[in-house]
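Reading through the structure tokens given below for one structure.
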Amino acid sequence: MKREIFESSVGESYVKAVCSSGLTVYVMEKPQFTSSFAIFGTKYGSIDNCFSVNGEKEKCVPDGIAHYLEHKLFESEDGDAFSKFAKTGASANAFTSFDRTCYLFSCSDKFYENLDILLDFVQKPYFTEETVRKEQGIIGQEIKMYDDSPAWRVTFNMLENMYVNHPVKIDIAGTVKSIAKIDHNILYDCYNTFYNPNNMFVCVVGNVDTETVLEMCEKRVSKKQDITIERIFKEEPEAIIKPYVEQKLSVSIPMFCLGFKQRIQSPFRRLKSKVCINLLLEMICGECSPLYERLINEGLINDEFSYEYFNGYNYACVMFSGESSNPKRVSELIKEEIASLRENGLDKKLFSAIKSGVYGDVIRRFNNVNGLCMQLTESAIFDFDMFEEIKLLKTVSCDDVYKRLDIFDYDLSVLSVINPVE
Amino acid sequence: MVVNKVLLSNGAEGLFIKNSRFNTTLVSFNFYLPIDRARVADFALLPFVLTTCSKRYPDFRKLNYKLSKLYGAELTASCEKVGDFQLLKMSISVINDKYTLDNEELTSQAIELLTNLVFEPKTENGGFFASDIEREKRKAIEHIKGEFAEKRIYSKERLISEMYKGLPYGVPKCGRIEDVENITEKSLFGAWEDMLKHSFIRVNVVSDSMPQNLFDTLSERFSSMNRDNITDFSNITPTTHADKVNKIVELESLNQGKLVMGFSCDSYGGDKATADLFVACDIFGGGPYSKLFGNVREKMSLCYYCTARAVRNKGLITVESGIEKENAEKAEKAILEQLSNLQNGILTDSEFESSIMGLTDSLKSYNDSQDALELWYSTRLFDDEIMSPDEFAESLKNVTKETAVKASKGIKLHTVFALLPKEDK
């Protein structure tokens, strides 16, 4: 088994290994902890609705299918996976996002028994016409729940108006209409394509023995015929659809999400870019910034205010979100601040303080077994060493961060607002 | 894990929760006061005003800058209800000194900062500054309004306010909007004085090592203060059973409805008195092995989520579910049927064992989260001896199918709140 060991300057380490099945496994031992966390995931999410296998003809499937598969995979011929985990006391769950589907459990005891259940059920799909139909009701209710969530809607309304073609604009669970087109044949087809070990990963963090985990993954995950998946996306124009979108929902205070679409040249962003842009966002509107102080003192934002660099396969944008009595004014002030930073440069003293703060946040992450495991999935998806961030934080300069101001193009910004129903 | 309890002075104690697996040290000040409808908003606002400025850091930008320099020390404020008491919490978490790049002494600086914020606020002429109060009042009002957007939270809050109408537990933890609007510079200053004078105080430290002299210094400080009429936890008021079930329906512009049910229980109080109820509630609607998940969600597809949670110190169980409008009555009936099955002893060994195993596993994982551990200890007020999560897990071995069923028999429906779509979309 091909393996690499990664070590950090803060005394943590993990192993990355590739099994003969093609499965990539990441293990970080945390012997001082009681619990352990494991994820069995596939690089298959809601954006993968058009693809080609082994160079064959392009296939397009209904929206929401990755999420539908996630729901159905918990069932097997001999009872559902939840009932198996119930016998060990583990807490199990799963989620689908834009670029991945992950099955996971956390436990304080019987780790290997649980890992066995996880590796087993994800590799054994079992659905019939009837069980697939039955799930439509539950997923339909989940979709409706999200349709009522202002925080969810404000983000998706922004993405819908930012992206012309990229499927990141489509709701992860699809729509009631699109899931009606899903049957067991399409589910098996997608399963056989994306649940191939060479497109999958296992991440484990906690009170475990690396060798035992690797041995189990080697033995229990069967090799399938190697497969080459090509994700097919329609070309995304540089432009957005429209700069302002509004919806009325049952809220008391308006909510907003301001996005800036980034022009990108390649499918993935480099880690250094991510680190620099995250620092830049702290400089623009973090809690130590002059803008944050102004927005709070002028009564324009509250503790719900947040910002992130949102990026994945072939998409990248910066988002500022929150609640505000005047979202348009917040948007104006953010744009003014970006312009002012461009003109006047970044405050070096503030930059140094922010870098210390972010460094502390990274150290803090090692307290959390579940969070570390989620971070390893990022390493699995984007293929980078998670400790690289610590090294980068020590070396990035104020100039490196300043240069990233060019990602903000006001012509490519979208403001999404949820207003109260009158 | 070792827990040392130190009496700091009359009505003030320190807990050192030794745990060497974290890279950080967490220190919290917890002030407990009885819920008083007239002053709840003043007390609730205090932690937020105190953690945004002080004499030494007169504005929050300067304070946040200092926190960043302390390697992103996390300063948090909260107000929660613990039974009929209001818990005002202010805490700081900082990375341990050995992880700093230049061997800096962060822990002592962070503790000094927190102590300074709590005891030396920015005031003038016996009042807080109007600008500081107005800023936090606006945020608090927006927070209260914001809860309306999250219908799951809103529905549960509505249930509690109906179920405990006119009682302390029915008062929203941060007060009502009109209460927040009435806060003044003087009323908040009075609340700060009373918090220091009358609250029961618990200072928690979760760390590998006890910060030097912290408890001694605090002991001196508390002993020198003129403290009296300290919050007393000896009388707990349980939830009384309803003579007639109260049903409330509200209509909103929504796609999906929420059905929330409140149950009163015969058992209530601390961990010792409620272990059976804890298990009974979990079998009813805890994990995926529970009766509500397995039947109401999975078999009957009546809701996307359907869970039961116990507030044991009040003898309260709530069931929350997301439903279609046309299924509201069916779901309510199905939920009650599952409770009735449990009460009649229709319970397999596997259901019971899954619950014990699931609860034990999750209790053990408390040791792996600094925040969860701190919260565990700050909400343990109703037993003479505090049980650790591990000890409580161990005590579940004494719960049997019979004792869990017996506890379930004391669970009775009290109030139902349904938030339903106005019209079919």
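None of these values were measured; they are calculated from a predicted model. Chain A is the first sequence line, chain B the second, and so forth, proteins listed ahead of strands; every chain is numbered from 1.
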Please classify the contact between [X] and chain A as side chain, backbone, both or neither, with a heavy-atom cut-off of under 4.5 Å.
X	result
B:N96	neither
B:L302	backbone
B:E298	both
B:S355	neither
B:S369	neither
B:S301	both

Return the option, out of [options], with the maximum number of heavy-atom pairs under 4.5 Å with chain A.
options	value
B:S350, B:P288, B:G294	B:P288
B:D361, B:I144, B:N64, B:L363	B:D361
B:L101, B:T360, B:T100	B:L101

Tell me whether the NZ or CZ atom of B:K291 lies within the 45° cone about the ring axis of B:Y289 and under 6.0 Å from its centre.
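Relative to the ring axis of B:Y289, which defines the angle, B:K291 lies outside at least one limit.
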On the six-membered ring of B:Y305, is B:R152 placed so that its NZ or CZ lies under 6.0 angstrom from the centre and within 45° of the ring axis?
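Yes - B:R152 lies over the ring of B:Y305, closer than 6.0 Å to its centre and within 45° of its axis.
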Check: [X]/[Y] side-chain N/O donor and acceptor closer than 3.5 Å:
X	Y	answer
A:S36	A:N207	no
B:K66	B:Q109	yes
B:S321	B:K258	no

Scanning both residues in full, the closest heavy-atom pair of B:Q370 with B:L26 reads NE2-N, 3.5 Å
If you check every heavy atom in residues 68-78 of chain B against those of chain A, which residues fall under 4.5 Å?
B:S68, B:K69, B:Y71, B:G72, B:A73, B:E74
Is any side-chain N of the basic residue among [X] and [Y] closer than 4.0 Å to the acidic one's carboxylate O?
X	Y	value
B:E142	B:K145	no
B:E250	B:R158	yes
A:E75	A:K72	yes
B:D390	B:K364	no
B:D208	B:K18	yes

Of all of [options], which one pairs up most often with chain B through heavy atoms under 4.5 Å apart?
options	value
A:E323, A:K87, A:E293, A:K144	A:E293
A:I301, A:I418, A:N370, A:I354	A:I301
A:T34, A:N302, A:V251	A:T34
A:A90, A:P420, A:G360	A:G360
A:N368, A:D147, A:I143, A:I296	A:I296
A:K134, A:K30, A:Q32, A:E142	A:E142

Could you label the plane-to-plane angle of the A:Y292 and A:F305 rings as parallel, tilted or perpendicular, counting under 30° as parallel and over 60° as perpendicular?
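A:Y292 vs A:F305 ring planes: tilted.
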Which portion of A:S250 sits near chain B, non-hydrogen atoms under 4.5 angstrom
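The answer is both parts of A:S250.
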Of the backbone (N, CA, C, O) and the side chain (C-beta and beyond), which part of A:K394 lies under 4.5 Å from a heavy atom of chain B, both, or neither?
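Interface part for A:K394: side chain.
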Begin from the C-alpha positions of A:E130 and A:R133 and carry the test salt bridge (Lys or Arg N to Asp or Glu O under 4.0 Å) through to its verdict.
CA-CA 5 Å; A:E130 196 200 329; A:R133 203 182 313 117; over 6 Å; no
Do A:F121 and A:F82 have their ring centres less than 6.0 Å from each other?
no
